[in-house]
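To keep things clear, I will list the structure first and then write my remarks on it.
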Amino acid sequence: MDSLEVNKIVGAILTASVIAMLTGFIADLLFDKERPESLAYSVAPSEAGESLVAKAAPSLEPIAPRLAAADAGSGGTVAKKCASCHTFDEGGANKIGPNLWDIVERTVASHDGYSYSSALQGKSGEAWSYENLNAFLTKPKDWAPGTKMGFAGIKKPQDRANLILYLRSLSGAPAALPEG
């Protein structure tokens, strides 16, 4: 190796060192090195925090007008989602969920031979009205927090109306349709 190559290598090392030092000085000028008093932003809670949560939760529109235009045949198609956990025939056996024959207007958590969650047992004074079915089918865990039902719910209101009309048809004496 001759002296010219050694000079090139030493020059490259010195140039890289000078560039690194200059970059450090520029970074020090651009960025503040002092540590803030607190490392997080402080957000004061709203006085009306609970009312904001209540306003954010959308209310369900009444199911009665949708039932008037519902189709039980389409509801039977929607019910295929339920068939893995429920039976629909009269006197049918319970599966993971209870048999759904004659469910409309039946008392909540009242089907013989099925062990209901405490969430549904707590609603045993209520009936499976059209509105309760609508709310439950929208999102079961919202209507009955703690329910064993792992189903996410049916988002489309018309699909829920079709399913409810189909469930109504599963009875020897179907419940009267609500007015609206």
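Note that the numbering runs from 1 along the sequence shown for the chain.
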Would you find a donor on one side and an acceptor on the other, under 3.5 Å apart, between the side chain of Asn7 and the backbone of Val10?
no
List the atom of Asn94, the atom of Pro98, and the distance in Å for their closest heavy-atom pair.
OD1-CA, 3.3 Å
Cation-pi check, Lys123 to Trp128: give yes when NZ or CZ is under 6.0 Å from the six-membered ring centre and within 45° of the ring axis, no otherwise.
no
Under the 3.5 angstrom rule, does the side chain of Asn162 hit a backbone N or O of Asp71 as a donor-acceptor pair?
yes
Does Lys95 use its side chain to pair, donor to acceptor, with the backbone of Ala83 at less than 3.5 Å?
yes
Are Ile13 and Ile19 connected in the hydrophobic side-chain network, where two residues link if heavy atoms are under 4.5 Å apart?
no
Shortest non-hydrogen separation from Ala119 to Gly146 and the atoms involved
CB-C, 3.6 Å
I want to check something: taking the side chain as every heavy atom from C-beta on, are Thr77 and Tyr166 in contact at a cut-off of under 4.5 Å?
no
Is any side-chain heavy atom of Glu105 closer than 4.5 Å to one of Tyr130?
yes
Got Leu163 and Leu167 here, is their nearest side-chain heavy-atom distance under 4.5 Å?
yes
Under the criterion side chain to side chain contact (heavy atoms under 4.5 Å, CB included), I'd like the reasoning laid out for Leu165 against Leu177: C-alpha separation, chi angles, the key distance, then a yes or no.
CA-CA 9 Å; Leu165 194 66; Leu177 286 171; 3.8 Å; yes
Is any side-chain heavy atom of Arg168 closer than 4.5 Å to a side-chain heavy atom of Pro174?
yes
Gap between atom CG of Leu137 and atom NZ of Lys156 - 0.5 Å precision:
15.5 Å
Could you walk me through whether Ile26 and Thr23 satisfy the side chain to side chain contact (heavy atoms under 4.5 Å, CB included) test, starting with their C-alpha distance in whole Å, then the side-chain angles of each, then the deciding distance to 0.1 Å, before giving a yes or no?
CA-CA 5 Å; Ile26 293 171; Thr23 304; 5.9 Å; no
Could you tell me if the side chain of Asp2 sits less than 4.5 Å from the side chain of Val6, heavy atoms only?
no
Taking it one step at a time, do Met149 and Phe136 satisfy side chain to side chain contact (heavy atoms under 4.5 Å, CB included)?
CA-CA 10 Å; Met149 188 165 168; Phe136 185 73; 3.4 Å; yes
Would you say the side-chain atoms of Tyr114 pair up with the backbone N or O of Ile96, donor to acceptor, closer than 3.5 Å?
yes
Arg160 vs Arg66, side chain to side chain contact (heavy atoms under 4.5 Å, CB included): CA-CA, chis, key distance, verdict:
CA-CA 9 Å; Arg160 288 193 308 271; Arg66 292 208 181 261; over 6 Å; no
Does any N or O in the side chain of Lys148 come within less than 3.5 Å of the main-chain N or O of Ser115, such that one atom is a donor and the other an acceptor?
yes
Between Glu131 and Ile63 (side chain of the first, backbone of the second, donor and acceptor by atom type, cut-off under 3.5 Å), is there such a pair?
yes
Grab the two heavy atoms, one from Asp102 and one from Ser171, that are nearest each other, plus how far apart they are.
OD1-OG, 2.8 Å
For residues Ser110 and Tyr116, report the shortest heavy-atom separation together with the two atoms involved.
N-CE1, 3.8 Å
NZ (Lys155) with more than 12 external heavy atoms under 6.0 Å
yes
Taking C-beta and beyond as the side chain, do Trp143 and Leu120 meet within less than 4.5 Å on heavy atoms?
yes
Treating Arg106 as the side-chain partner and Trp101 as the backbone partner, does any N or O pair qualify as donor plus acceptor under 3.5 Å?
yes
Side chains of His86 and Asn99: any donor to acceptor distance under 3.5 Å?
no
Does some side-chain heavy atom of Val104 sit less than 4.5 Å from a side-chain heavy atom of Leu170?
no
As an exercise, state the distance from OG1 of Thr147 to CD of Gln121, rounded to the nearest 0.5 Å.
10.5 Å
For a 4.5 angstrom cut-off between non-hydrogen side-chain atoms, does Ile164 reach Asn134?
yes
